[in-house]
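Note sheet for the following structure.
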2 protein chains.
Amino acid sequence: MAGETHRPERRADALTKERIVEAAVALLDAGGADGLTFRALAARLATGSGAIYWHIADKHALLAAATDHVIARALADRVASAPPREAIRALALAVFDAIDAHPWVGAQLSGDPWQYAVLCILAGIGAQVTALGVAERHRFNAATALLSFVLGLAGQYAVGSRLVGGDKDRAAFLRDVAARWAQLDPERHPFVRQVAARLAEHDDREQFLAGIDLILAGLERAH
Amino acid sequence: MAGETHRPERRADALTKERIVEAAVALLDAGGADGLTFRALAARLATGSGAIYWHIADKHALLAAATDHVIARALADRVASAPPREAIRALALAVFDAIDAHPWVGAQLSGDPWQYAVLCILAGIGAQVTALGVAERHRFNAATALLSFVLGLAGQYAVGSRLVGGDKDRAAFLRDVAARWAQLDPERHPFVRQVAARLAEHDDREQFLAGIDLILAGLERAH
DNA sequence: ACCTGAACACCGTTCAAGT
DNA sequence: ACCTGAACACCGTTCAAGT
C-alpha cells in the first residue's frame, strides 16, 4: 500500500499523444501544413523524431488528430438549445471560425472528408436537420448537402488565408484575384468579370451564411 | 521564300507543355497524386527531370495545368442551349463525371480553388444563374454557393475513389465506413448511426443531383 | 533555345541500439 | 515500455555543362 504512493513520478516531459498533438497544432498554426515535419516536431518536444511513432501511426494520423482536436473544441463551445435553424447556422459558423483561426484545418477537412472530425460535424448537422422536421428519407441528402457546402467553402477559404498573416493578407489576396478576373476576356467570361468587384469587397462570413440560408430555404420548400 | 519551306522539322519527340501535361495526366490516372513525380515524368518522356522546368514553373503549376486540361475537356463536351435549370445540372454532372474518371481532379479542385479550372466552372454556373433570372445582387452568393457545394462533394467523392480501382473498390470503401459508423455510440451519434445503412447503398450521382436541386429550390424560393 | 543529369536540401519512416 | 538518432529511400528544384 505504502509502496504505491511512492511509485516513480512520470517524467514531467514524458511524451503523450496529447502533448504531441498540441505541439503539432502550434507548428501548423505558425507555418501552415508545410510547417509540420517530424523533425521540427521532435525538436519542439526535445525528443528524437522516431519517438513520435511510438504514439502516433504516421503523418496522416497526426494531421487527423490535430484536426479532431481543433474541431472538437469548436463544436463544444457552442451553446445548445437553440431552434434548429439557428443551431445549424451556429454550427456552421463554429466550423467557419475554427478554420479562420487555423486555416490548415480547412484543407485537412476537405482533403480527408471521412475522418472523425467530419463525422462529428455531420452528426451535429443531422441532429438539427432531424429537429427541423425533414422526412427521414430526405435527411441523408439534406445533411450531406449542407456538409458538402461547408467543406467546399472551407477549402476555398483556407487557401486565401494560407499565405500567412492576418486579414490584411487575405484582403490583398482577394484584391489580386479580383484584378486578374477583371482582365479576363469579357466575351468568354462575362459573369466572372461582373462579380470581380464584388469579390474584393465581399464579407466571407456573410457569403457563408447566405449559402447556408439558401440550402435551408430549399429544404423548407421541399416539405 | 523557298528557304522557309525547308526549315528544319522539329524533332518528333520535342518537349512541349502539351506533351508534358498529357503525360502528367496519364501518371495521375495510373497512380493518383503520388504517382506524379518529376522523375517518373522525365522517364516517361525520355528526358531529364530538369528539362521539364523549361516548360513549366513547378509542380503546383503542373497539377493546375493537368486539372485545366481535364476540366476544359469536360466543359466543352456539354451540349449548350438547354433551359438554365437543366444546364446547371448538366454542368455539375460534367464536373462530377470528370472527377469520376480522374479522381485526383477532385482533390486538386478543392485544394486549389482559385485556379483557372475553377474559374471556368464558376463562369459556367454564373451564366446560368443569370439566365435563371436571379437578381444581380444575389448572383455572386448564389453562384459561389453552388460552386462550394460542387467542390465540397468533389473532394468527398475523390477520396473514396482514391484507393485505386473501379466501382467495386468504392463500394467496398463505403461499406467499411458504414460498418464503422454503425458501431458508434448511439447516444452520442444517433443520426450517423441511422444513416449508416443509407450510406452503403446510396447512389453518388443521385445524392449529388439532390444537393444541386436543393440549392436551386432555395434560389426559386428567394425570388 | 533547349536539354542533361548530378547535386542539394530536404522529406517520412524504420530500426538496431540504448534506458 | 519507451526513447534515440543514424540510415534509407525517396522527394522537388537548381544549375553548370552540354548541343
State the CG-CH2 distance between B:Leu27 and B:Trp104, to the nearest 0.5 angstrom.
-> 10.5 Å

State the CG-CG distance between A:Leu214 and B:Asn141, to the nearest 0.5 angstrom.
->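 Taking CG in A:Leu214 and CG in B:Asn141, the distance rounds to 8.5 Å.
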
To the nearest angstrom, how far is [X] atom [atom1] from [N] atom [atom2]?
X	N	atom1	atom2	value
B:Leu15	C:dC3	CG	P	5 Å
A:His55	C:dG12	NE2	C1'	18 Å
B:Leu62	D:dC11	CG	P	14 Å
B:Asp34	D:dA9	CG	P	19 Å
B:Arg19	C:dC2	CZ	C1'	14 Å
A:Ile52	D:dG5	CD1	P	13 Å

Do any N or O atoms of the protein come closer than 3.5 Å to N or O atoms of nucleotides 13-17 of chain D, and which pairs are they?
residue	atom	partner	partner atom	Å
D:dT13	OP2	B:Tyr53	OH	2.9
D:dT13	OP2	B:Lys59	N	2.9
D:dT13	O5'	B:Tyr53	OH	3.2

DNA chain D stem ranges, 3 or more consecutive Watson-Crick or G-U pairs under 3.5 angstrom =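 Runs of three or more consecutive pairs: C:4-8 with D:12-16, C:12-16 with D:4-8.
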
Quick one: are [X] and [Y] in side-chain contact, heavy atoms under 4.5 Å?
X	Y	answer
A:Val118	A:Ile71	no
A:Asp204	A:Asp100	no
B:Leu63	B:Leu28	yes

What donor-acceptor contacts under 3.5 angstrom involve side-chain atoms of residues 119-130 of chain A, with partners at least two apart or in another chain?
residue	atom	partner	partner atom	Å
A:Thr130	OG1	A:Gly126	O	2.8

Does any pair with a residue in residues 191-200 of chain B pass salt bridge (Lys or Arg N to Asp or Glu O under 4.0 Å), and if so which ones, sequence neighbours excluded?
->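 Applying salt bridge (Lys or Arg N to Asp or Glu O under 4.0 Å) to every pair that reaches into residues 191-200 of chain B, excluding sequence neighbours, yields A:Glu136-B:Arg198.
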
Using the test side-chain contact (heavy atoms from CB on, under 4.5 Å), find all partners of A:Ser148 that sit at least two apart in sequence or belong to another chain.
->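 If we apply the side-chain contact (heavy atoms from CB on, under 4.5 Å) test to A:Ser148, skipping adjacent residues, the hits are B:Phe149, B:Leu153, B:Gln156.
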
Within the structure shown, what part of the strands sits under 4.0 Å from A:Leu36 by heavy-atom distance: base, sugar-phosphate, or nothing?
->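 It contacts sugar-phosphate atoms only.
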
Given C:dC3, is OP1 or OP2 found less than 4.0 Å from the side-chain N or O atoms of B:Trp54?
->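 Answer no for this pair, as no side-chain N or O of B:Trp54 is under 4.0 Å from OP1 or OP2.
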
Scan the side chains in residues 90-98 of chain B for donor-acceptor partners under 3.5 Å anywhere in the protein, sequence neighbours excluded, and list what turns up.
residue	atom	partner	partner atom	Å
B:Asp97	OD1	B:Arg205	NH1	2.5
B:Asp97	OD2	B:Arg205	NH1	3.0

